[in-house]
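Notes follow once the structure below has been shown.
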Amino acid sequence: MININNSMMQDSAKIANNAFDQGLGIVDTKNVWMWLAIAELIVIWYILFIHPKRIPKHNSKAKFKKESLENEIDFGNIILSSFKATQLYNELKVTCHPDRFATDEAKSTIANSLFQEINKNSTNYKKMIELKEDAKRTLNINFKT
Amino acid sequence: MFSNTWNTIIEWFSDRSHRNNLVRGFNDSARCAFVDGIAPTLLKASISKGESSFKHQFSDWLNTGFRIQAFTGRTLSKNELVFIGQVILDDKILVRRLIVLGWDTLEIHGDAGIFGCRWQLKDYIPLPKFNQ
């Protein structure tokens, strides 16, 4: 029986493996994944920063959407109007009615246009406050606080 | 084809973001108004299923309802619920924003009972015909 030297056998196996790998031309795979990751980063960078953005399929539709998203929405006014607009409107429609200024033609004209604006903005609290200030200034109305 | 798909994906995420910002903005204002004593009832906006027959060209494929519900505080009457809806519908900027972000239904609900009102948004903003 041949007494096999384990360390010699292991070294021999290693040498044989290396020779086998070199023969097959097996490439070190670590570098391949690194280059693949770099290529992915380049593609993502191109798409995010260089690729022409937003080629809209329907130009007029995209323009309409863009314009609609530009304006600021006043949520505070919407909440205020929901609960306080009715009371303010009821007050203004009485105090600014054109019939109250029938004797004064100039004031009657102003009251007429103000009254129309008040009716048009009966659900807009902020606008009605502005109209109330106009009425105080132009028609000399004293509102109850 | 690839650029259109990519733009559609980006636009979808952008719309989600705008929708959430709008709902959050409304809820923040409503909460502040309730805490300050301006509003007698706490209003809360959320996204609901909507009404499929109200669809328009900007409608999302799912969850097209913008729901406002009155929570704690004084119970609102039906007229008050209708008035709240009218206030929102008279704000053209808000209605346009709701439409282009995919909503087609406005719903107002009370906290108690089964009162609820529903409106078709495209009736309040005329949508132009876009070239195909």
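Letters go in sequence order (proteins before strands), and every chain restarts at 1. In what follows, every heavy atom counts, from backbone to side chain, and hydrogens, waters and symmetry copies are set aside.
- We find the CG-OG distance between L69(A) and S14(B) to be 7.5 Å, quoted to the nearest 0.5 Å.
- Cluster annotation: L88(A) and F115(A) are assigned to distinct hydrophobic clusters (Ile/Leu/Val/Met/Phe/Trp/Tyr, side-chain heavy-atom contacts under 4.5 Å, transitive).
- Atom-to-atom distance recorded for K127(A):NZ and D90(B):CG is 14.5 Å, nearest 0.5 angstrom.
- Residue N142(A) qualifies as open at atom CG: its count of foreign heavy atoms under 6.0 Å is 12 or below.
- At a 4.5 Å heavy-atom cutoff, the contact between L101(B) and chain A is made by side-chain atoms alone.
- Contacts of F26(B) with chain A are made by both backbone and side-chain atoms, with heavy-atom separations under 4.5 Å.
- L98(B) and W12(B) sit in two unconnected hydrophobic clusters of ILVMFWY residues. Membership requires side-chain heavy atoms under 4.5 Å apart, directly or through other members.
- Distance check: L94(B) CG to F75(A) CZ gives 6.0 Å after rounding to the nearest 0.5 Å.
- Atom CG of L43(B) sits about 6.5 Å away from atom OG of S82(A), to the nearest 0.5 Å.
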Residues V100(B), K61(A); criterion side-chain contact (heavy atoms from CB on, under 4.5 Å); working and verdict: CA-CA 9 Å; V100(B) 299; K61(A) 196 173 171 184; over 6 Å; no
Stepwise side-chain contact (heavy atoms from CB on, under 4.5 Å) check, F83(B) with T123(A): CA-CA 8 Å; F83(B) 186 74; T123(A) 55; 3.8 Å; yes
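- Contact detail for G76(A) and S29(B): the closest heavy-atom pair is N-OG, 3.8 Å.
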Residue pair I79(A), I38(B): steps toward the side-chain contact (heavy atoms from CB on, under 4.5 Å) verdict: CA-CA 9 Å; I79(A) 304 294; I38(B) 297 167; 5.7 Å; no
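- For K44(B), the NZ atom is loosely surrounded, since the number of other residues' heavy atoms within 6.0 Å does not exceed 12.
- The environment of NZ in K92(B) is crowded: more than 12 heavy-atom neighbours from other residues, nucleotides or ligands sit within 6.0 Å.
- Looking at F83(A), only its side chain comes within 4.5 Å of chain B, counting heavy atoms on both sides.
- When hydrophobic clusters are built by joining Ile, Leu, Val, Met, Phe, Trp and Tyr residues whose side-chain heavy atoms come closer than 4.5 Å, directly or via intermediates, V35(B) is not grouped with L80(A).
- With a 4.5 Å cut-off on non-hydrogen atoms, N79(B) does not touch chain A at all.
- One distance of note links CD1 of I73(A) with CZ of R96(B); it measures 11.5 Å at 0.5 Å rounding.
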Steps toward side-chain contact (heavy atoms from CB on, under 4.5 Å) verdict (E11(B), K65(A)): CA-CA 11 Å; E11(B) 205 172 315; K65(A) 188 169 181 177; 3.2 Å; yes
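- Here CD of Q86(B) is found 8.5 Å from OG of S122(A). Values are rounded to the nearest 0.5 Å.
- The residue among N124(A), D74(A), T86(A) with the most heavy atom pairs within less than 4.5 Å of chain B is T86(A).
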